[in-house]
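Down below is the structure, laid out as structure tokens.
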Amino acid sequence: MKTYHFLIKGEVQGVGYRITAYLNATRLGITGSVKNLPNDNVEVFAQGDEKIIDNFKKYLKIGSSMSRVSEIDEDILDKPEFKDFQVIY
């Protein structure tokens, strides 16, 4: 299974972005993780059907009601399968 790696840039920390990503991922049945990075970006790993991941990307671009996403970098990696979706603190 492919693992999608997203690096979300903009005003995405301290605005409920991670919990919004978590809620959307679990609703869509995506496994992976989301965490804040020291450089004020947010990192997301996501595994799931390609069409579902495409839908998830739309939610990542929108973010939470208080976030402002300016850019999303995307890669596909070989990583072990995730069992669920986690918020990493």
Q.
Quick check on D75: does its CG atom have over 12 non-hydrogen neighbours (other residues, nucleotides or ligands) under 6.0 Å away?
A. yes

Q: Can you sort out the partners of K57 under salt bridge (Lys or Arg N to Asp or Glu O under 4.0 Å), two or more places apart, ordered by chain and number?
A: D54, E74

Q. Can you list every pair that meets ring-ring contact (aromatic ring centres under 6.0 Å, His included) and has a residue in residues 23-59, with sequence neighbours left out?
A. H5-F45

**Q.** With sequence neighbours excluded, residues passing side chain to side chain contact (heavy atoms under 4.5 Å, CB included) with T20
**A.** N24, S64

Q.
Tell me the closest heavy-atom pair linking G48 and I53, and the distance in Å.
A. O-CG1, 3.7 Å

List, one per line, each side-chain donor-acceptor pair under 3.5 Å for residues 82-89, sequence neighbours excluded.
{"residue": "D84", "atom": "OD1", "partner": "Q86", "partner atom": "NE2", "Å": "3.3"}

Q: Indicate yes or no for a side-chain donor-acceptor contact from Q13 to the backbone of L37 under 3.5 Å, with no hydrogens or angles considered.
A: yes

(Q) Please enumerate all residues that pass side-chain hydrogen bond (donor to acceptor under 3.5 Å, both in side chains) together with T3, with sequence neighbours excluded. (A) Q47

Q) Looking at side-chain heavy atoms only, is the closest gap between N36 and R18 below 4.5 Å? A) yes

Q. If Ile, Leu, Val, Met, Phe, Trp and Tyr residues are connected whenever their side-chain heavy atoms lie under 4.5 Å apart, and connections chain through other members, are Y4 and I52 in the same group?
A. yes

**Q.** Single-linkage hydrophobic cluster I72~I30, side-chain heavy atoms < 4.5 angstrom
**A.** yes

(Q) I need the minimum non-hydrogen distance between L60 and V69, along with the two atoms involved. (A) O-CG2, 3.5 Å

Q | Path from V42 to Y22 over hydrophobic side-chain contacts below 4.5 Å | A | yes

Q) If two hydrophobic side chains count as joined below 4.5 Å and joins carry through other members, does I76 share a cluster with L28? A) yes

Q | Sequence-distant partners of N39, side-chain hydrogen bond (donor to acceptor under 3.5 Å, both in side chains), two or more places apart | A | N41

Q) salt bridge (Lys or Arg N to Asp or Glu O under 4.0 Å) with E71: which residues, sequence neighbours excluded? A) K9

Q: Can you tell me which residue pairs pass the salt bridge (Lys or Arg N to Asp or Glu O under 4.0 Å) test with a partner in residues 59-69, sequence neighbours excluded?
A: none

Q. Rest of the hydrophobic cluster containing I62 (Ile/Leu/Val/Met/Phe/Trp/Tyr, side-chain heavy atoms under 4.5 Å)?
A. none

Q: Could I get the full list of salt bridge (Lys or Arg N to Asp or Glu O under 4.0 Å) partners for D40, not counting sequence neighbours?
A: none

